There are 2 protein chains.
Amino acid sequence: MEIDNIESVFGEVLQEMRKKRKMSQEKLALQSNLDRTYISMLERGARKPTITTVFKLAQVLGIKPSQLIEKVEEILFEKEIAEN
Amino acid sequence: MEIDNIESVFGEVLQEMRKKRKMSQEKLALQSNLDRTYISMLERGARKPTITTVFKLAQVLGIKPSQLIEKVEEILFEKEIAEN
DNA sequence: ATGTAGACTGTTGTCGACA
DNA sequence: CTGTCGACAACAGTCTACA
C-alpha cells in the first residue's frame, strides 16, 4: 500500500507544534528564513521539505529535528495499523 | 557562523550506516528505489535529500528515520563546539 | 492571519555512458 | 563497485497579489 503521504503527516505535525507555541505562520516563516506561503503549503501537505528545511523549522520551534521526525513516524505508524 | 553543511554530515552518516551493513551503493539504491548515482552524490554531500528520501533510506537501513537524523545532529553538534 | 494562484529560479532525483 | 559528467524532468522554495 506504501502510503507515502509523509508530507501530509509532516504538515499536521508542523501545524500542531506551531499552534502549541501560539506562533503565526508569518512569524515562523520569518524566523526560519522561509517564505510565508511556503509554510502554508507545507502545513497542507502540498510540499515535501528537504532535510535542511526540517532543521531550520525545528530550530525555531525549539525542538530537535529528530524529535520532529519522530512525531511524524508515530502518526504514520498509527495510520499503517489502521489499514490492514 | 551558520555552518549549513548538513548535507555533508548526512553523507557521512549514510555511508557509515551502509558500510556497517556491508551493503553496496548499488544495492541500497535498488532497495530504496533511488538511483545509484544519486546515492553516490548523497554520500559525498552533493545533494540534500527531501524528507521522503530520508524515510526510504532509513527503511532499507533498518532504522527509524528519526535515528538517522539524530546521528546527524550529534555530529553537527560536535562540529559546532569545535568551532568557537 | 491564512489559502491559493501563477510565474519564476534553483535544486532534487533520473538516466546513460565512461573511467 | 564507485565517481563523475551532461542532459533532463520534476519538484522545492520565492514572490506578488487577491480573497
Side-chain angles (χ1 to χ4, degrees), chain A residues 2-63 65-66 68-69 71-73 76, chain B residues 2-63 65-66 68-69 71-73 76:
Chain A
E2 279 305 312
I3 297 197
D4 240 58
N5 52 342
I6 294 177
E7 57 266 29
S8 314
V9 177
F10 181 83
E12 287 178 37
V13 173
L14 179 60
Q15 184 168 46
E16 185 197 336
M17 302 301 285
R18 175 179 65 80
K19 286 188 170 167
K20 206 173 272 177
R21 283 153 186 76
K22 301 195 183 307
M23 187 178 277
S24 68
Q25 289 184 352
E26 219 159 5
K27 192 173 178 185
L28 176 56
L30 216 78
Q31 295 198 23
S32 59
N33 223 16
L34 290 166
D35 198 82
R36 179 189 72 76
T37 66
Y38 179 57
I39 302 289
S40 174
M41 298 182 98
L42 277 181
E43 287 191 0
R44 312 202 70 244
R47 287 282 195 281
K48 329 176 192 190
T50 57
I51 193 180
T52 57
T53 301
V54 173
F55 271 71
K56 284 184 195 173
L57 291 169
Q59 181 171 14
V60 174
L61 292 171
I63 55 176
S66 56
L68 226 179
I69 299 297
K71 276 234 157 205
V72 176
E73 283 164 15
L76 219 48
Chain B
E2 278 306 312
I3 298 197
D4 239 57
N5 51 342
I6 294 177
E7 57 266 29
S8 315
V9 177
F10 181 82
E12 286 177 38
V13 173
L14 179 60
Q15 183 167 46
E16 185 197 336
M17 302 300 284
R18 174 178 66 79
K19 287 188 171 167
K20 206 174 272 177
R21 282 152 185 77
K22 302 195 184 305
M23 186 179 276
S24 68
Q25 288 184 352
E26 219 159 5
K27 191 173 179 186
L28 176 56
L30 216 78
Q31 295 198 24
S32 59
N33 223 16
L34 291 166
D35 197 83
R36 180 189 72 76
T37 67
Y38 180 57
I39 302 290
S40 174
M41 297 182 99
L42 278 181
E43 288 191 0
R44 312 199 70 245
R47 289 281 195 280
K48 328 175 192 192
T50 57
I51 193 180
T52 57
T53 300
V54 173
F55 271 71
K56 285 184 194 174
L57 292 170
Q59 182 172 12
V60 175
L61 293 170
I63 56 176
S66 56
L68 226 179
I69 299 298
K71 275 233 157 206
V72 175
E73 283 165 14
L76 220 47

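Convention: sequence-line order gives letters A, B, ...; per-chain numbering from 1. The structure displayed is predicted, hence computed values, not measured ones.
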Please collect all salt bridge (charged side-chain N to carboxylate O under 4.0 Å, His left out) contacts where either partner lies in residues 20-36 of chain A, sequence neighbours excluded, each pair once. A/Glu16-A/Lys20
Rounded interatomic separation in angstrom, taking CG from A/Asn33 and C1' from D/dG13: 12 Å
Using the side-chain heavy atoms of B/Arg36, tell me which of these nucleotides is nearest: D/dC15, C/dA17, D/dA17. C/dA17
Roughly how far, to the nearest 0.5 Å, is CE of B/Met41 from CG of B/Leu34? 13.5 Å
What is the distance from CG of B/Leu42 to C1' of C/dT14, rounded to the nearest Å? 13 Å
State, yes or no, whether a side-chain contact exists between B/Glu7 and A/Ile51 at a heavy-atom distance under 4.5 Å. no
side-chain N/O B/Gln15 vs D/dT2 OP1/OP2, d < 4.0 Å: no
With a non-hydrogen cut-off below 4.0 angstrom, is B/Leu34 in contact with a base, only sugar-phosphate, or nothing? sugar-phosphate
Verdict with supporting geometry, A/Glu43 and A/Ile39, side chain to side chain contact (heavy atoms under 4.5 Å, CB included): CA-CA 6 Å; A/Glu43 287 191 0; A/Ile39 302 289; 4.2 Å; yes
Length of the line joining B/Glu43:CD and D/dC1:C1', which is rounded to integer Å: 12 Å
To the nearest Å, how far apart are B/Met41 CE and D/dC1 P? 20 Å
Pair assignment for DNA chain D - dot-bracket with | for other-strand partners, Watson-Crick or G-U under 3.5 Å: .|||||||.||||||||||
Pairwise distance CD1(A/Ile69) to CG(B/Leu68) - rounded to 0.5 angstrom: 10.0 Å
Find out whether B/Phe10 and B/Lys48 are in side-chain contact, i.e. whether some heavy atom of one side chain is under 4.5 Å from a heavy atom of the other. no
Here the distance between atom P of C/dT12 and atom CD of A/Glu7, to the nearest Å, is 18 Å
Closest listed nucleotide, where the reference is the side chain of A/Tyr38 and the choices are D/dT14, C/dT2, D/dC1: D/dT14
Looking only at non-hydrogen atoms, find the nearest pair between A/Gln25 and A/Ser40 and report the distance. OE1-CB, 3.6 Å
What is the distance, to the nearest angstrom, from the CG atom on A/Asp35 to the C1' atom on D/dA12? 12 Å
Want to settle it: does B/Thr50 or B/Arg47 sit nearer the 5' end of DNA chain D, counting the closest nucleotide to each? B/Arg47
Roughly, in whole Å, what's the span from CD1 in A/Ile6 to P in D/dC11? 15 Å
From the set D/dA12, D/dT4, C/dA1, return the single nucleotide nearest to any side-chain atom of B/Ser40. D/dT4
Distance check needed: D/dC1 P versus B/Leu30 CG, whole Å only. 11 Å
Using a cut-off of 4.0 Å on non-hydrogen atoms, how would the nucleic acid contact of B/Thr37 be classed: base, sugar-phosphate, or nothing? base
